[in-house]
Amino acid sequence: MCGGLFVGGWGQNGRVRIAVAAGRGRGGALRAVAEDGAPTGPVQEVPDLVSAVAERERDSAPRWVWPSTARLYPRLLEAGVRVSRCHDLELVESLLLGHAGRYGEPRSVRAAWARLRGEPVPADAPPPREDAAQPSLFDDGAGREEAADDIGQVVAVHAEQQRAAAGLGGFALLAAAESAGSLVAAEMGHDGLPWSAAEHDALLTEMLGPRPTGGLRPRRLQDLADRISAAFGPRVHVNPDSPAQILRAFAAAGLPVPSTRAHVLRQLDHPAVPLLLEYKELSRLHAAHGWTWLDTWVSGGRFRPEYVVGGVVSGRWATSGGGALQIPRVLRKAVVADPGWSLVVADAAQLEPRVLAALAGDRAFSEAAAHGDLYAALSDAFRDDAGGGRTARDKAKIALLSAMYGGGTADAVQLLAVLKSRFPQAFEYVEAAAREGERGGLVRSRLGRTCPPPSAGWRELTAAGDDDSPGPRQGTAAQALRGRGRFTRNFVVQATAADWALALLASLRRRLTALGPPRLVFFQHDEVIVHSPAELAEEVAGAVRDAAREARLLLFGDTPVVFPMEIAVVDRYADAK
DNA sequence: TCATTAAGCCAC
DNA sequence: AAACGTGGCTTAATGA
């Protein structure tokens with residue numbers, strides 16, 4: 001029924017693979033292999049790896065088997081070469097190690113090769129530092145470090161990975177999705193998110209005052225800092241950036257507080273509070289996303305962050321610079337499409353609860369999730385129950401988030417009881433994951449991404465908690481157990497949502513390639529932005545919807561649960577919501 | 001002086 | 001509304 005999906009999309013059925021080893025400098029080695037990893041041709045040394053890849057991509061669009069997309073693909077992109085498929089050996093090695101309960105062991109091709117041969121396993125090299133003082137031995141002249149790969153190791157490690165993955169249901173799909181994600185990440189880093197430095201600067205000037213010189217505070221921040229000190233008394237000096245000084249100042253004013261968090265301060269009646277709250281907000285904008293950030297990360301009208309695929313245990317992406325996944329909402333005004341182009345902003349509505357519904361196969365829950373607003377659909381279940389004057393929809397939302405995050409406010413506990421009686425299978429699904437975690441066990445996402453095992457310290461602590469000796473250790477052991485339960489409870493949902501998002505990305509990327517110019521320029525857990533010529537924007541929106549359906553099918557087959565995308569075609573990101 | 005930790009807020 | 005999951009990033013404070 002869905003065979004065509006795999007032929008066109010995921011290419012797991014006998015497509016040609018070519019193993020790649022980058023040499024020192026521009027050259028390298030290639031070797032054709034079968035899907036099971038067996039070589040089907042001789043090793044070919046090539047003097048110019050980039051042009052060799054470009055040529056074979058044009059001819060046959062193979063699945064490229066290489067040690068690391070993050071290290072190799074940027075070179076290709078700089079040369080204008082894009083590939084359609086790859087197998088990222090390091091990422092797949094990580095996934096396989098994780099599946100075997102060996103999360104975090106070295107994942108380089110060399111390490112995998114050493115494990116194969118029973119030799120000492122070398123640690124992974126630390127990520128290259130941006131401020132590396134001098135060019136390394138293997139610098140290729142463009143400031144790049146070239147580590148030489150060994151084509152024999154690449155071929156052998158790939159074959160072993162294929163052998164290992166064959167026994168794990170769904171794992172080939174996970175490997176393909178993770179690898180496709182690595183291509184998207186490198187391409188997005190290369191293309192960049194359209195970013196108006198002028199808009200950003202105007203926004204900063206409006207909120208903070210003119211750009212200061214020489215590391216001074218912007219005028220508005222300095223003004224607030226002065227007024228904060230004054231609010232605590234004459235000749236008092238308080239550095240608002242120092243939580244310790246703020247605590248002391250409030251204590252001296254007869255208002256002892258446990259912390260300076262915004263929601264704590266809001267409870268206080270003191271003239272410094274509104275000033276501090278405003279200072280915190282503006283100061284964070286200035287420090288994290290001010291002019292320095294703009295100078296560092298935006299060039300040529302693009303914000304070019306560095307995404308780290310597989311950087312989060314749950315399979316979500318991380319970033320290693322620029323903070324692309326924490327862009328403050330106020331700065332969305334600076335994300336502006338090129339003239340004649342549009343931003344297609346697409347967001348998976350209520351992704352995680354829908355994932356839970358599909359995972360658990362809970363019929364009542366799935367029916368609720370089969371149409372538009374899931375929380376509203378669920379709210380019927382909460383209409384007659386306690387919950388402190390909230391709307392039924394809010395109650396439903398709290399209960400769901402608590403079920404997934406392990407939350408424990410009094411209201412949430414009560415609402416959870418309702419969830420348990422109305423949607424027992426969904427409730428039981430996350431409860432089972434929590435119990436497994438508390439036993440010290442592993443849980444997995446739909447496609448097989450596996451959580452890390454508990455640490456040795458955790459095992460020791462919780463084992464000690466088994467005896468009945470009174471004292472503080474009992475409390476910490478119980479805390480550790482609950483913490484692990486919360487983690488695994490959340491993991492199954494968050495990691496499966498990440499599975500879904502990766503499948504969406506891979507599918508969408510392929511569909512956009514067919515459209516031509518539109519480019520994926522942003523991805524944030526459950527949201528994507530495509531930069532597209534305005535006249536293609538509706539086609540892009542259609543591609544996003546199709547990709548969401550394909551992702552659902554790949555993960556959950558014929559589940560009734562739908563994964564609707566909220567899509568806006570805008571000039572500026574800020575206008576999307 | 002430099003590296004590490006804590007506190008805090010940003011995103012989902 | 002908030003302490004309940006995953007992270008990044010910045011400053012102040014701490015410590016070698």
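Residue numbering restarts at 1 for every chain, and letters A, B, ... go by the order of the sequence lines.
Nucleic acid contact for Gly322(A): sugar-phosphate only, since backbone atoms but no base atoms lie under 4.0 Å from a heavy atom of the residue. Nucleic acid contact class of Gln524(A) (heavy atoms, under 4.0 Å, all strands): sugar-phosphate only. Contact annotation for Ile327(A): backbone-only contact, meaning every heavy-atom pair under 4.0 Å involves sugar-phosphate atoms and none involves a base. Counting non-hydrogen atoms under 4.0 angstrom, Ala262(A) reaches the backbone sugars and phosphates but no base. Residue contacts shown for Val313(A) are limited to sugar-phosphate atoms, with no base heavy atom under 4.0 Å away.
In this entry the distance linking CD1 of Ile529(A) with C1' of dC12(B) reads 14 Å, nearest Å. Phe523(A) places its CZ atom 13 Å from the C1' atom of dA11(B), with the value rounded to the nearest Å. Put simply, CD on Glu352(A) is 12 Å from P on dT6(C), counting in whole angstrom units. As rounded to whole Å, 13 Å separates atom C1' of dT11(C) from atom NE2 of His286(A). Atom-to-atom, CD of Gln326(A) to P of dG8(B) comes out at 18 Å; the value is rounded to the nearest Å. Protein atom NE2 of His263(A) is 9 Å distant from nucleotide atom P of dG8(B), rounded to whole Å. Rounded to an integer number of Å, the gap from CD1 of Ile246(A) to P of dG8(B) is 9 Å. With rounding to whole Å, Leu193(A) atom CG is found 14 Å from dA11(B) atom C1'.
Asp191(A) has a carboxylate O that lies under 4.0 Å from a charged side-chain N of Arg519(A), or vice versa, which qualifies the two as a salt bridge. The pair Arg227(A)-Asp223(A) meets the salt-bridge criterion, since a charged nitrogen lies less than 4.0 angstrom from a carboxylate oxygen. A salt bridge is defined here as a Lys NZ or Arg NE, NH1 or NH2 lying under 4.0 Å from an Asp or Glu carboxylate O, and Asp295(A) with Arg211(A) meets this definition. A salt bridge links Arg489(A) with Glu431(A): the distance from a Lys NZ or Arg NE/NH1/NH2 to an Asp or Glu carboxylate oxygen falls below 4.0 Å. Taking the charged nitrogens against the carboxylate oxygens, Glu206(A) and Lys333(A) have no contact shorter than 4.0 Å, which rules out a salt bridge.
Between Trp317(A) and His525(A), the ring centre distance reaches or exceeds 6.0 Å. Here Tyr73(A) and His190(A) keep their ring centres 6.0 angstrom or further from each other. No close placement of the Tyr307(A) and Phe523(A) rings is indicated, their centers lying 6.0 Å or farther apart.
Closest to the side chain of Val312(A), from the set dC9(C), dT6(C), dG8(B), is dT6(C). Nearest to the side-chain atoms of Arg332(A) among the listed nucleotides dC9(C), dC12(B), dA12(C) stands dC12(B). Which of dG8(C), dT6(C), dC9(B) sits closest to the side chain of Gln494(A) comes down to dT6(C). Proximity note for Asp241(A) (side chain, C-beta onward) versus dT11(C), dG5(C), dC12(B): the nearest is dT11(C).
Comparing Gly311(A) and Gln267(A) by the nucleotide of DNA chain C that holds the closest heavy atom to each, the one mapping nearer the 5' end is Gln267(A).
A donor-acceptor contact closer than 3.5 angstrom is absent between the side chains of Glu436(A) and Thr488(A). Looking at Arg217(A) and Tyr279(A), their side chains do bring a donor and an acceptor atom within 3.5 Å of each other.
For DNA chain B, the residues of residues 269-284 of chain A within the heavy-atom distance limit of 4.0 Å (strictly under) are Lys280(A), Arg284(A), sorted by number.
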Between the protein and nucleotides 13-16 of chain C, list the N/O to N/O atom pairs that are separated by less than 3.5 angstrom.
unit_1, atom_1, unit_2, atom_2, d
dA13(C), OP1, Ser242(A), OG, 2.8

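Between the side chain of Arg316(A) and the base of dC12(B), a donor-acceptor pair under 3.5 Å is found.
A close approach under 4.0 Å does not occur between any side-chain nitrogen or oxygen of Ser259(A) and OP1 or OP2 of dA7(B).
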